[in-house]
Amino acid sequence: MNRNVIFDSPFLLGFEHTRTLIERAAKAAAESYPPYNVEDRGDGGLRITLAVAGFSPDQLQVTVEDRHLVIAGKRDGAAGKAEDAYLHRGIAARGFVRSFVLADGMQVDAALLEHGLLHIDLARPEPAKRVLTIPIRTSV
């Protein structure tokens, strides 16, 4: 992946994490399978829906690591037996890994598989208000 020149500036120190997030997002945008929707559910909530026809719950895995949501689908060997003779095969029978970069505070609430669609609900709870009082010292 090409480095973004702006982050190589000597005036931007400590932004390596931001560069990593941008690189992750660019890589995720390049993926095209399976197709998905992202819905705004209001109040900071989102729903990601992936078309995963033919996958069972035990063939799907949803994980979050370091603000990186990863949805993986793995097919077992029985999906494409040699004796199956397709005249047309339009439904993909391959495994996949689809990833999303989550903003600070986003959390996965639930995952639901219904009618060949995997719904993943995300929420952004309101952060607790924090007031920090700084003690004032004297030089005497």
Side-chain angles (χ1 to χ4, degrees):
M1 171 159 299
N2 294 338
R3 288 184 135 188
N4 195 343
V5 177
I6 194 166
F7 288 108
D8 291 333
S9 168
F11 301 107
L12 293 173
L13 302 176
F15 284 90
E16 295 81 14
H17 183 70
T18 303
R19 178 191 324 191
T20 303
L21 287 176
I22 291 171
E23 289 174 353
R24 278 186 187 174
K27 182 181 175 192
E31 300 168 358
S32 63
Y33 176 78
Y36 66 95
N37 293 334
V38 179
E39 301 172 55
D40 183 355
R41 301 187 43 104
D43 295 331
L46 299 173
R47 173 174 268 189
I48 299 170
T49 302
L50 287 89
V52 293
F55 284 89
S56 64
D58 59 326
Q59 294 172 320
L60 296 168
Q61 183 179 26
V62 178
T63 58
V64 177
E65 181 179 347
D66 189 30
R67 297 188 313 172
H68 199 195
L69 170 63
V70 178
I71 303 107
K74 295 192 178 127
R75 294 286 189 146
D76 54 15
K81 297 182 289 227
E83 62 268 11
D84 291 342
Y86 291 96
L87 298 178
H88 172 75
R89 189 167 191 162
I91 299 173
R94 63 184 187 266
F96 67 89
V97 176
R98 167 71 68 181
S99 60
F100 299 87
V101 178
L102 302 178
D104 283 334
M106 292 294 292
Q107 63 187 35
V108 177
D109 278 349
L112 171 68
L113 179 64
E114 67 176 351
H115 307 295
L117 298 173
L118 177 62
H119 304 289
I120 300 170
D121 292 329
L122 304 164
R124 184 189 318 240
E126 191 67 33
K129 302 291 182 198
R130 194 176 108 177
V131 176
L132 181 62
T133 303
I134 309 300
I136 301 172
R137 299 182 306 154
T138 60
S139 62
V140 180

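Note: hydrogens, waters and symmetry copies are ignored here, and every other heavy atom, side chains too, is used. For this chain, numbers begin at 1 and follow the sequence in order.
- With sequence neighbours left out, the side-chain contact (heavy atoms from CB on, under 4.5 Å) criterion links Val97 to Val70, Ala72.
- Sorted by first and then second residue, the salt bridge (Lys or Arg N to Asp or Glu O under 4.0 Å) pairs involving residues 130-140 (not counting sequence neighbours) form an empty list.
- No side-chain heavy atom of Ile120 sits under 4.5 Å from any side-chain heavy atom of Leu112.
- Leu113 and Leu117 sit in two unconnected hydrophobic clusters of ILVMFWY residues. Membership requires side-chain heavy atoms under 4.5 Å apart, directly or through other members.
- Of all the heavy atoms in Arg75 and Ala53, the pair that sits closest is NH2-O, 3.4 Å.
- Put simply, CG on Leu118 and CD on Glu114 are 10.0 Å apart, with the number rounded to the nearest 0.5 Å.
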Ile48 vs Leu50, test: side chain to side chain contact (heavy atoms under 4.5 Å, CB included). Steps then yes/no. CA-CA 7 Å; Ile48 299 170; Leu50 287 89; 3.6 Å; yes
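- Every residue meeting the side-chain hydrogen bond (donor to acceptor under 3.5 Å, both in side chains) condition with Thr49, not counting sequence neighbours, appears here in chain and number order: His119.
- No side-chain heavy atom of Leu122 sits under 4.5 Å from any side-chain heavy atom of Asp109.
- Listed by first then second residue, pairs satisfying salt bridge (Lys or Arg N to Asp or Glu O under 4.0 Å) with a partner in residues 34-55 read Arg47-Asp121, not counting sequence neighbours.
- The closest side-chain heavy-atom distance from Gln59 to Val52 is not below 4.5 Å.
- Sequence neighbours left out, the pairs with a member in residues 38-61 that pass ring-ring contact (aromatic ring centres under 6.0 Å, His included) are Phe55-Phe96.
- Between atom NZ of residue Lys74 and atom CG of residue Asp58 there is a gap of 13.0 Å, rounded to the nearest 0.5 Å.
- In this structure Ala128 satisfies the side-chain contact (heavy atoms from CB on, under 4.5 Å) test with no other residue, sequence neighbours excluded.
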Quick one: do Leu46 and Met106 satisfy side chain to side chain contact (heavy atoms under 4.5 Å, CB included)? Show the steps, please. CA-CA 9 Å; Leu46 299 173; Met106 292 294 292; 3.8 Å; yes
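- You'll find the side chain of Ile71 reaches within 4.5 Å of the side chain of Phe100, heavy atoms only.
- For the pair Leu132 and Ile134, the minimum side-chain heavy-atom distance is below 4.5 Å.
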